[in-house]
Amino acid sequence: MDNPARHRTVGLVGLGVIGRVHLDVLTADPRVTLAFVADPRAGTHPESARRDTCGHYKDLSAALSAVESGEVPAPDVVVLATPTTTHLDLASDVLDRTTSTILSEKPLTGDAEQLRAFERRHRDTASRVHVVNHFA
């Protein structure tokens, strides 16, 4: 079993109400290094601007490009705290471009057929996706 006390590097996608809760919890935990925040307002949003120790990107693709180039550390975990309708596309991008575990704010999707298509496409990697309620 994975050691829950070990240090984790985390990427956060979304700075809405729940994203800010995740941000507060993550930055308060000494076992966590925040690798990046991805949000259209990242860098100018008051919640991200006061946390200058990580990369700030306008979207997940730009953040993952920064990971691939070595600009920011590769996250062990990517937290998706964005609107439900974006979760499957964002999770697909993370699964395709990283080895990260994904924590998606619930629900993962509201469309059963889209979920089945996602599961078929990511048959070998879908086990890295976990759906959670905010962990404050």
Side-chain angles (χ1 to χ4, degrees):
M1 176 154 222
D2 195 27
N3 179 354
R6 88 174 173 101
H7 188 271
R8 302 268 194 296
T9 301
V10 179
L12 174 62
V13 185
L15 286 174
V17 173
I18 296 304
R20 291 191 305 269
V21 171
H22 288 290
L23 184 64
D24 287 340
V25 171
L26 291 167
T27 57
D29 190 330
R31 299 168 298 174
V32 172
T33 296
L34 198 59
F36 64 79
V37 172
D39 186 280
R41 302 162 294 178
T44 60
H45 192 285
E47 292 298 321
S48 65
R50 67 186 172 99
R51 291 163 170 92
D52 58 3
T53 59
C54 70
H56 300 271
Y57 301 92
K58 298 291 184 189
D59 58 42
L60 176 61
S61 184
L64 295 180
S65 291
V67 168
E68 292 164 344
S69 73
E71 181 180 325
V72 297
D76 301 303
V77 177
V78 174
V79 177
L80 302 179
T82 58
T84 299
T85 57
T86 66
H87 290 172
L88 291 179
D89 287 340
L90 295 172
S92 286
D93 205 11
V94 173
L95 291 174
D96 289 344
R97 296 176 68 182
T98 76
T99 59
S100 304
T101 296
I102 300 167
L103 298 181
S104 175
E105 188 63 40
K106 71 172 182 115
L108 184 59
T109 182
D111 186 307
E113 183 51 43
Q114 285 181 348
L115 180 60
R116 286 189 287 277
F118 176 86
E119 290 172 330
R120 286 189 301 272
R121 177 175 174 209
H122 298 288
R123 187 176 323 275
D124 297 331
T125 56
S127 64
R128 294 182 6 230
V129 179
H130 304 275
V131 180
V132 298
N133 195 8
H134 66 85
F135 46 76

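Since the model is a prediction, treat every value here as computed from it, not as a measurement. Side chains included, hydrogens not; waters and symmetry mates left out as well; all remaining heavy atoms used.
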What heavy-atom pair brings Ser100 and Arg128 nearest, and what distance separates the two atoms? O-NE, 2.8 Å
Starting at CG of Leu26, measure out to CZ of Arg31 and round the result to the nearest 0.5 Å. 10.5 Å
Under 4.5 Å between any side-chain heavy atoms of Leu60 and Phe36, yes or no? yes
Minimum heavy-atom separation for Val129 to Leu95, with atom names? CG2-CD1, 3.9 Å
Stepwise, does the side-chain contact (heavy atoms from CB on, under 4.5 Å) test hold for Asn133 with Glu105? CA-CA 6 Å; Asn133 195 8; Glu105 188 63 40; 3.4 Å; yes
Tell me yes or no: between the side chains of Thr33 and His7, is some donor less than 3.5 Å from an acceptor? yes
According to ring-ring contact (aromatic ring centres under 6.0 Å, His included), does anything in residues 59-78 pair up with another residue at least two apart or in another chain? List the pairs. none
Note: Arg116-Glu119 ion pair, threshold 4.0 Å (strictly below): no
Least distance between heavy atoms, Pro75 atom then Val10 atom: CB-C, 4.1 Å
Taking only residues at least two apart or on different chains, which pairs with a member in residues 82-93 satisfy salt bridge (Lys or Arg N to Asp or Glu O under 4.0 Å)? Asp93-Arg97
Under 4.5 Å between any side-chain heavy atoms of Leu90 and Val78, yes or no? no
Would you mind telling me which of Val67, Val72, Val13 makes a side chain to side chain contact (heavy atoms under 4.5 Å, CB included) with Tyr57? Val72
With sequence neighbours excluded, residues passing salt bridge (charged side-chain N to carboxylate O under 4.0 Å, His left out) with Arg123: none
Would you confirm whether Arg20, through its side chain, and Leu15, through its main-chain N or O, come within 3.5 Å as a donor-acceptor pair? yes
Minimum heavy-atom distance Gly16-Asp39, with the two atoms named: N-OD2, 4.4 Å
Work out which heavy atom in Ala35 is nearest to a heavy atom in Pro73; give both atom names and the distance. CB-O, 3.4 Å
Which distance, rounded to the nearest 0.5 Å, do you find between the CD1 of Ile18 and the CG of Leu80? 14.0 Å
Heavy-atom side-chain contact between Lys106 and Val132 under 4.5 Å: no
So if I apply the side chain to side chain contact (heavy atoms under 4.5 Å, CB included) rule between His130 and each of Thr101, Leu108, Ile102, which one comes out positive? Thr101
The criterion is salt bridge (charged side-chain N to carboxylate O under 4.0 Å, His left out); which residues satisfy it with Asp76, sequence neighbours excluded? none
Shortest non-hydrogen contact from Ala28 to Pro30? O-CD, 3.4 Å
For Asp96, the salt bridge (charged side-chain N to carboxylate O under 4.0 Å, His left out) test, sequence neighbours excluded, returns Arg121
Checking the side chain of Thr109 only, and the main-chain atoms of Leu115 only, is there a donor and an acceptor separated by less than 3.5 Å? no
Hey, could you give me each pair passing ring-ring contact (aromatic ring centres under 6.0 Å, His included) that has a residue in residues 64-101? Not counting sequence neighbours. none
